[in-house]
Amino acid sequence: MEIVGLNRDKKRALCLLTGLLAFFLGLLAVGGVGVYNDSEQYITMHIHREPLYPLYLAAFRAVCGEGYLTAAMAGQGILMAVGITALSEYLARRFGLRLWEELLVAALQLLPHLITRYVSALGIFLENSVMSEALCIPLFTIFVYFLLRMLFEGKVRDTVFALLFAYLLSMTRGQMMTTILLWALLLGIRLILNKRYRSLFICASAVILVFLLRDLTVHVYNYGVTGYFMGNTYGQVNTLTNVIYACDEEDREVFEEGDLEQAFFDSFYRKAMEQKLNHVYAGDSFDERAAYLEANHDILKFDILEAELSAYYFGLGKVDYYEQSSMSDEMAGKMIKKLLPACFGQWLYDYILLCRGGFVRSIAVVHPLINFAALFLYLLSAGLALWLVFVKKRFQAAVVMGTALLFIVANVCATSITIMCLSRYMIYGFSLFYIALYLSVREACADKLLWKKSGNYEAEG
């Protein structure tokens, strides 16, 4: 049926949006709401969690009442459908994609949801799940949409909206603070290339203000929820876990004899060795050592570090959960500063192993054979982007690929500092990478395709 008043591009976008809404809402109708181990922390506005997703759930709870989770999941699906449509339609216009190519770009953005459901060990459909990733992925898609518009068109509106969505992402998951830095880096490069050096000060000031705003927002939110004007806790305990994992017994000497920090270290180390939660038990190969750390990180963190710290501070009396959590994080920070220089070599080795797994999971699944394929794809994509820029003097696809690779590097390196790189933490760059790879190959073949269309292919053949 003819849709009156809409041009061809808008009709395509509307049809794509309708299909995506049917896909996400249909799966919600069939599969229902997914509630998992972490879900309760978002629902109860736990101090460990960033504010935006708990507030998102609270808003639906206030409006919809008892059935709010179903409504919130539907909201996630609708936002994801809008994000995919916006990005697909923009890339189709920017690169002159045909209908099947636009559908391919949209399909590539559905893959992360299918991978986490059918390939990942987690086995969940994200957009139907009470998890911050379910809000983070559509926000990231919209962020990429505005970021690419900023890079290609340079409009102030797109620049502001890209930074706004980077801020929202950082309020959804801490690791996504990297999007603020990515925004600053890419905008800075654009300003330098356009010789707008004075605007670099505005860019730097905006980044500082957004980080300050984020910190203030978290403190105000936690004050409203807990009565304490404080940031999110537990990040330092997360980081200390991998530091303790990398330690040897002699590292206790960095602390003063008999002080509380040394007592904690002795207890952590002894129990870690008893339960074989130390690097010396990890095996010989890269794959074995990486898998061992990933398998034991949470055990070491929850069963030893958190249990010991909680027991001690609660034992002081008149200490509530928020005070205990804050004091535990403060102690973990003090221990990291002293321990990390002593075990830095082993910690760095383990960190590189975690990054290695993160880079693979960003575009594939970890497997001895697939690992080499992932390395090949990275080398191919980087080489192709450089060839397009320096040989063919074509920049559009290279810009998309550069954005994808920079985000993956930032996301992997930031996540590996505090925790292992599980698929659901790495999934954000997956679609963008393969979209960029397709666009790069398409642009690299543009001359041959035009040559073939002109009839010269047969004449010269």
Side-chain angles (χ1 to χ4, degrees), residues 3 5-29 31 33 52-53 55-57 59-60 63-64 68-95 97 99 101-114 116 125-150 152-153 155 157-173 176 179 400 403 407 427-432 435:
I3 305 174
L6 297 179
N7 62 30
R8 182 186 174 194
D9 290 340
K10 289 182 179 179
K11 290 175 185 176
R12 279 171 54 168
L14 183 59
C15 290
L16 178 59
L17 177 61
T18 302
L20 290 168
L21 287 172
F23 175 79
F24 285 110
L25 297 180
L27 284 176
L28 175 61
V33 177
L52 188 58
Y53 194 57
L55 288 172
Y56 171 82
L57 295 176
F60 277 92
V63 173
C64 302
Y68 77 97
L69 284 180
T70 301
M73 300 306 101
Q76 291 168 182
I78 292 170
L79 191 60
M80 189 73 255
V82 170
I84 292 175
T85 301
L87 182 57
S88 302
E89 192 265 343
Y90 177 70
L91 290 175
R93 284 191 290 108
R94 188 77 201 182
F95 287 85
L97 302 182
L99 176 60
E101 292 176 299
E102 184 176 353
L103 293 176
L104 174 62
V105 169
L108 287 171
Q109 294 175 76
L110 293 178
L111 281 180
H113 305 279
L114 301 177
T116 53
F125 189 79
L126 279 176
E127 293 311 314
N128 295 347
S129 305
V130 185
M131 302 178 73
S132 60
E133 289 87 349
L135 182 61
C136 212
I137 290 181
L139 289 178
F140 179 74
T141 302
I142 298 171
F143 163 74
V144 171
Y145 165 73
F146 283 114
L147 188 68
L148 292 179
R149 289 183 65 100
M150 177 191 82
F152 288 134
E153 300 174 27
K155 293 180 180 178
R157 184 200 68 171
D158 297 322
T159 304
V160 172
F161 273 111
L163 183 57
L164 171 63
F165 277 93
Y167 164 74
L168 293 176
L169 283 165
S170 75
M171 297 296 295
T172 310
R173 289 198 65 83
M176 299 303 279
T179 56
V400 182
T403 301
F407 170 75
I427 205 69
Y428 304 102
F430 184 95
S431 298
L432 182 59
I435 289 170

side-chain hydrogen bond (donor to acceptor under 3.5 Å, both in side chains) against Ser129, all qualifying residues, sequence neighbours excluded: none

Check step by step if side-chain contact (heavy atoms from CB on, under 4.5 Å) holds for Arg12 and Glu89. CA-CA 8 Å; Arg12 279 171 54 168; Glu89 192 265 343; over 6 Å; no

In chain order, what residues pass the side-chain contact (heavy atoms from CB on, under 4.5 Å) check against Ser170, with sequence neighbours excluded? Tyr167, Met177, Ile180, Arg214

Hey, can you pull the donor-acceptor pairs under 3.5 Å for the side chains in residues 135-144, sequence neighbours left out?
unit_1, atom_1, unit_2, atom_2, d
Thr141, OG1, Ile137, O, 3.0

By side-chain hydrogen bond (donor to acceptor under 3.5 Å, both in side chains), Arg94 pairs with (sequence neighbours left out) Gln396

Which pairs, with at least one residue in residues 127-147 and sequence neighbours excluded, count as a salt bridge (Lys or Arg N to Asp or Glu O under 4.0 Å)? Glu133-Arg173, Glu133-Arg424

Sequence neighbours left out, what passes side-chain contact (heavy atoms from CB on, under 4.5 Å) with Ala74? Give chain and number order. Leu25, Leu28

Check side-chain hydrogen bond (donor to acceptor under 3.5 Å, both in side chains) between Glu101 and all other residues, then give those that pass, not counting sequence neighbours. Arg98, Tyr438, Arg442

I'd like to check the side-chain contact (heavy atoms from CB on, under 4.5 Å) partners of Arg157; sequence neighbours left out, ordered by chain and number. Arg149, Phe161

Output side-chain donor-acceptor pairs under 3.5 Å for residues 13-20, partner residues at least two apart or in another chain, one line each.
unit_1, atom_1, unit_2, atom_2, d
Thr18, OG1, Leu14, O, 2.8

Residues that Gln109 engages under side-chain hydrogen bond (donor to acceptor under 3.5 Å, both in side chains), provided they are two or more places apart: Ser88

With sequence neighbours excluded, tell me which residues meet side-chain contact (heavy atoms from CB on, under 4.5 Å) with Leu108. Leu104, Leu111, Tyr434, Ile435

Residues at least two apart in sequence or cross-chain that pass ring-ring contact (aromatic ring centres under 6.0 Å, His included) with Phe23, listed by chain then number, are none

